[in-house]
Amino acid sequence: MAHDTAAHDDHHDHKQGFFERWFYSTNHKDIGTLYLLFSLLMFFIGGAMAMVIRAELFQPGLQLVAPEFFNQMTTTHALVMIFGAVMPAFVGLANWMIPLMIGAPDMALPRMNNWSFWIMPFAFTLLLLPLILEGFGIGGGGPAGGWTLYPPLSLQGGTSTAFTIFAIHMMGVSSIMGAINIIATVLNMRAPGVDLLKMPIFVWTWLITAFLLIAVMPVLAGSVTMLLTDKFFGTSFFNAAGGGDPVMYQHIFWFFGHPEVYIMILPAFGVVSEIIPTFARKPLFGYQAMVYATASIAFLSFIVWAHHMFTVGMPLGGELYFMYATMLIAIPTGVKVFNWTTTLWRGSISFETPMLFALGFVIMFTIGGFSGLMLAIVSADMQYHDTYFVVAHFHYVLVTGAIFGIMAGVYYWLPKWTGHMYNETLGKWHFWLSTIFVNLLFFPQHFLGLAGMQRRVPDYNPAFADFNMWSSIGGFGFGLSQLLFAYIVWSSIRGGAKAEARVWESAKGLEWTVPSPAPHHTFTTPPVIRDGDLAHGDVTH
Amino acid sequence: MMKTNRITAMLTGLFGSLASLAAFADDTKEPQLWQLNMTDGVTTSSQNAYDSHMLMFWVCVVIGIVVFGAMGLAMFKFRKSKGAVPDTEFTHSTFLEILWTGIPIIILIASAIPATAKVMALYNDDHSPKPFGMTVKITGQQWLWTYEYKGEDLEFTSRLDRESDRLRQDKTASQEAITAHKHYLRDVDNPLVIPADTRIRFVITADDVIHAWWVPALGWKQDAIPGVINEAWTEVPAAKIGTYRGVCAELCGKDHGFMPIVVKVVSKADYKTWLAERKAANNPAPAAAPAAVTIDAGDVPAEDAAAQAAAPAASTQP
């Protein structure tokens with residue numbers, strides 16, 4: 001770094017112009033901000049698509065959109081939310097918080113950090129371009145074969161197939177670089193005294209997530225490259241007529257896809273493991289068990305992929321193995337839930353917005369975990385598979401799981417980023433509105449699936465009408481509630497009560513030893529760790 | 001009034017709608033308004049699916065009561081606003097970690113045992129299977145199903161009924177018009193007719209993209225994959241004669257939502273009559289028959305193709 005004195009901020013050296021600051025940035029905080037704002041934008045774009053879906057499903061009959069466009073919406077909604085909203089939000093949190101939490105001056109590879117962010121806007125322009133062009137009457141619209149891009153259906157798409165695949169390649173490159181950066185930072189740049197088993201849980205979960213990313217993003221890249229050559233260069237990897245196998249794609253895809261699910265949830269585990277101890281005013285219960293449970297979940301994620309494929313015609317042994325392996329995941333996940341619950345026990349709990357979101361996370365993620373356990377049972381999955389029961393399951397895990405985790409983290413660290421407290425009353429309103437509407441949105445979908453409504457259809461029999469209407473009302477309410485979130489974040493950037501360095505009275509960790517807002521450069525010399533600075537500085541358990 | 005009706009409807013859905021069972025034997029397993037739970041169907045496979053589902057549901061309910069109960073109690077008892085003082089020494093317990101790792105392992109093993117037996121039953125792994133009485137080849141196409149009765153020289157397509165097709169394409173169709181069509185999107189022109197009390201083998205494949213053949217009342221779905229022949233079976237007892245409906249469950253393109261399945265289960269005698277009528281209806285028009293039977297047979301005479309088609313079915317006979 002050019003600076004060798006402590007506590008610099010940018011007002012001391014030359015004033016950076018807007019372009020220089022945000023486009024050339026190698027500063028982990030600025031890049032973290034970019035990631036988070038980008039993710040918020042994608043959250044609203046993906047959300048707008050969800051609104052189209054729920055509007056069409058508001059009542060039976062096809063009123064608003066054509067089935068082709070409906071399929072483009074479900075496909076693109078998923079791709080945008082997974083790769084554009086959830087994953088970049090966690091990378092943003094990692095960028096902002098990991099250096100602050102381990103006492104490092106920046107990420108280990110700042111220029112690569114800049115690059116890994118700036119790939120994203122181009123990747124998503126590419127992904128969304130076919131949809132936009134269709135609006136001008138050019139081309140056949142976006143991908144419509146489902147986000148899993150199962151061949152042969154995904155190969156029936158037009159040129160959008162190429163757009164989608166190149167976009168996925170770019171997102172993959174970005175994710176891999178982000179993961180390399182996090183591993184390099186965590187393993188090399190911890191301040192003296194921040195031992196591995198004294199690191200905050202958020203850092204641990206991200207370190208493990210980064211290994212998952214490096215392991216599986218190349219697998220996704222490989223599978224979509226084979227789709228690309230099948231489509232445009234006459235190969236037959238997945239084409240039965242040419243000796244290929246469409247089921248092989250599903251195996252390769254889900255070998256990526258299942259760890260991907262944990263890539264989206266492990267950092268959220270980390271976030272709530274930071275928040276619950278702060279507002280229970282009591283250290284995290286079973287810190288080491290939490291670390292080992294996270295590592296176990298990550299390991300298991302590699303050996304359960306075909307539970308997404310119980311109906312493809314696997315042999316009995318395959319079905320049984322994947323059922324047992326999937327059931328095993330309940331054990332480390334249960335350990336985490338039990339440890340969070342016991343952290344609350346004999347605490348002194350208060351319910352600020354981050355805590356509300358964290359508690360909401362634990363409860364509703366557990367509901368998603370329950371339906372996950374049910375889905376593991378092969379004979380029951382023969383009925384659940386590809387129905388709204390599955391839709392309800394993964395939205396509980398991803399919306400009230402991953403996204404509630406992100407929001408908990410944003411409220412928790414927002415005062416550290418902006419230097420201002422957010423509006424607590426509005427924050428609580430945001431939580432309660434989101435929670436009520438999200439349950440109205442997704443809980444009835446369990447019933448729809450059990451009654452026999454299949455996924456990815458734009459129209460349905462009137463027997464499914466009432467729960468679909470509930471679900472749509474919940475969807476619109478949840479969508480509107482997020483405008484409140486955007487307003488709260490914006491107004492906290494603009495002003496508000498001054499935040500102290502230690503924003504929350506019993507918050508532990510190095511991030512609370514620097515002023516709020518965190519200066520442009522922090523820990524340019526390694527901090528001296530004092531007793532009590534680290535949440536887990538003295539753990540022997 | 002409206003409210004009472006809805007509550008009644010909800011209870012009906014919840015408890016399996018005994019009233020409608022008597023009134024419309026045709027629709028006992030159709031989705032009901034306000035239906036909350038999975039159907040138990042009409043076969044042992046569907047009963048097994050339902051039992052597995054309910055077992056895991058109650059396991060989850062019990063665990064949920066314990067975990068959410070403990071959380072709720074903690075949130076109620078240990079509030080700062082009530083003057084709770086944190087016990088910052090209570091940070092780990094090897095005993096608890098072993099306990100809450102061990103108990104779930106026991107619960108999972110206890111659930112896995114019946115679950116395993118049910119999967120094995122679905123996979124026909126009881127080593128003394130009743131012989132298959134007949135074989136039906138199901139082929140998924142965008143966006144209809146083709147049913148071929150192996151060895152019977154009978155093949156026909158089954159697609160969305162005209163009235164549903166008209167309604168779904170009419171953007172101005174009123175809710176009343178849609179509701180008036182009781183089987184909107186769940187009816188076809190030519191249902192699959194199968195005899196009761198007969199163990200039927202299905203071989204399932206697809207011509208273009210992946211589809212999935214799913215009739216909830218039969219208790220399973222099976223992907224129809226081009227280049228792959230999947231196998232499944234069913235046996236509906238005579239007591240459950242009726243019409244059962246399902247859908248394509250795997251996204252297969254724009255009309256994925258519009259390729260329903262209707263299975264008519266009839267008595268063995270009725271099946272024979274139907275089969276004879278159906279074949280008679282096909283035979284007077286020999287021009288149509290080759291198109292239906294010998295699509296891929298080229299120059300092979302129709303009789304030979306039919307014999308070839310019958311061969312795999314015959315091999316499963318004892």
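Just so it is clear, the values below take in all heavy atoms, side chains as well, and ignore hydrogens, waters and symmetry mates. A, B, ... follow the sequence lines: proteins, then strands. Residue 1 opens every chain.
For L344(A), the parts sitting under 4.5 Å from any heavy atom of chain B are the backbone and the side chain alike. There is no contact between A212(B) and chain A, counting heavy-atom distances below 4.5 Å. Contact of F338(A) with chain B is made through backbone and side chain together, with heavy-atom distances under 4.5 Å. Interface remark: I377(A) contributes side-chain atoms only to the contact with chain B (heavy atom separation under 4.5 Å). Interface remark: F351(A) contributes side-chain atoms only to the contact with chain B (heavy atom separation under 4.5 Å). In this structure, chain A has a heavy atom under 4.5 Å from the backbone of V85(B), while its side chain stays farther away. Using a 4.5 Å cut-off between heavy atoms, L64(A) contacts chain B through its backbone alone, with no side-chain atom that close. With a threshold of 4.5 angstrom between heavy atoms, D381(A) approaches chain B through N, CA, C or O but not through any side-chain atom. At a 4.5 Å heavy-atom cutoff, the contact between P315(A) and chain B is made by backbone atoms alone. For a residue to count as touching a neighbouring chain, one of its non-hydrogen atoms must lie under 4.5 Å from one of that chain's; by this rule W220(B) touches chain A with backbone and side chain alike. Only the side chain of N71(A) comes within contact range of chain B, with heavy atoms under 4.5 Å apart. Of the two parts of L167(B), neither the backbone nor the side chain holds a non-hydrogen atom closer than 4.5 Å to a non-hydrogen atom of chain A. Using a 4.5 Å cut-off between heavy atoms, A241(A) does not touch chain B at all. The contact between P458(A) and chain B is made entirely by side chain atoms (from C-beta outward), counting heavy-atom distances below 4.5 Å. Interface remark: V312(A) contributes backbone and side-chain atoms alike to the contact with chain B (heavy atom separation under 4.5 Å). Interface residue Q142(B): only side-chain heavy atoms are found under 4.5 Å from chain A. With a 4.5 angstrom heavy-atom cutoff, S154(A) does not touch chain B via any of its atoms. In this structure, chain B has a heavy atom under 4.5 Å from the backbone of R455(A), while its side chain stays farther away. Both the backbone and the side chain of Q63(A) come within less than 4.5 Å of a heavy atom in chain B.
Among all heavy-atom pairs drawn from G227(B) and A240(A), the shortest one is CA-CB, 3.5 Å. Considering every non-hydrogen atom in both I210(B) and P152(A), the closest pair reads CG1-CD, 3.9 Å. Across all non-hydrogen atoms, the minimal contact from S52(B) to A380(A) is CB-CB, 4.1 Å.
For the atom pair K80(B) NZ and F279(A) CZ, the distance stands at 11.0 Å (nearest 0.5 Å). Taken from CD in Q59(A) to CD in Q175(B), the straight-line distance is 3.5 Å, to the nearest 0.5 Å. Atoms NZ and CE, from K221(B) and M382(A) in turn, are 8.5 Å apart once rounded to the nearest 0.5 Å. Atom CG of L96(B) sits about 6.0 Å away from atom OG1 of T342(A), to the nearest 0.5 Å. To the nearest 0.5 angstrom, S348(A) atom OG is 11.5 Å from D87(B) atom CG. Here CG of L251(B) is found 7.5 Å from OG1 of T148(A). Values are rounded to the nearest 0.5 Å.
In terms of heavy-atom pairs under 4.5 angstrom with chain A, the leader among Y184(B), F258(B), F57(B) is Y184(B). Counting heavy-atom pairs under 4.5 Å between each of I349(A), N239(A), T343(A) and chain B puts I349(A) at the top. When Y384(A), Y150(A), F464(A) are compared by the number of non-hydrogen pairs under 4.5 Å with chain B, Y384(A) comes out ahead.
Using a distance-only test at 3.5 Å, with no hydrogens or angles considered, no donor-acceptor pair links the side chain of T341(A) to the main chain of M71(B). A donor-acceptor contact shorter than 3.5 Å links the side chain of Q383(A) to the backbone of P216(B).
Residues Q454(A) and E250(B) have side chains that never bring a donor and an acceptor to within less than 3.5 angstrom of each other. Inspection of the Y324(A) and T116(B) side chains reveals an N or O donor paired with an N or O acceptor under 3.5 Å. Inspection of the E30(B) and N461(A) side chains reveals no N or O donor paired with an N or O acceptor under 3.5 Å. The closest side-chain donor-acceptor pair between D223(B) and T311(A) falls under 3.5 angstrom.
Contact annotation: the side chain of P283(A) approaches that of T88(B) to within less than 4.5 Å [non-hydrogen atoms, C-beta and beyond]. Taking the side chain as every heavy atom from C-beta outward, I331(A) and T101(B) approach each other to under 4.5 Å. Between T91(B) and L284(A), every side-chain heavy-atom pair lies at or beyond the 4.5 Å cut-off.
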Give the C-alpha distance, both sets of side-chain angles, the deciding distance and a yes or no for ring pair (Phe, Tyr, Trp, His ring centres under 6.0 Å) between W34(B) and W470(A). CA-CA 11 Å; W34(B) 301 109; W470(A) 284 18; 5.3 Å; yes
How far apart are the C-alpha atoms of W345(A) and F90(B), what are their side-chain angles, what is the distance that settles it, and do they pass the ring pair (Phe, Tyr, Trp, His ring centres under 6.0 Å) test? CA-CA 9 Å; W345(A) 200 259; F90(B) 183 50; 8.3 Å; no
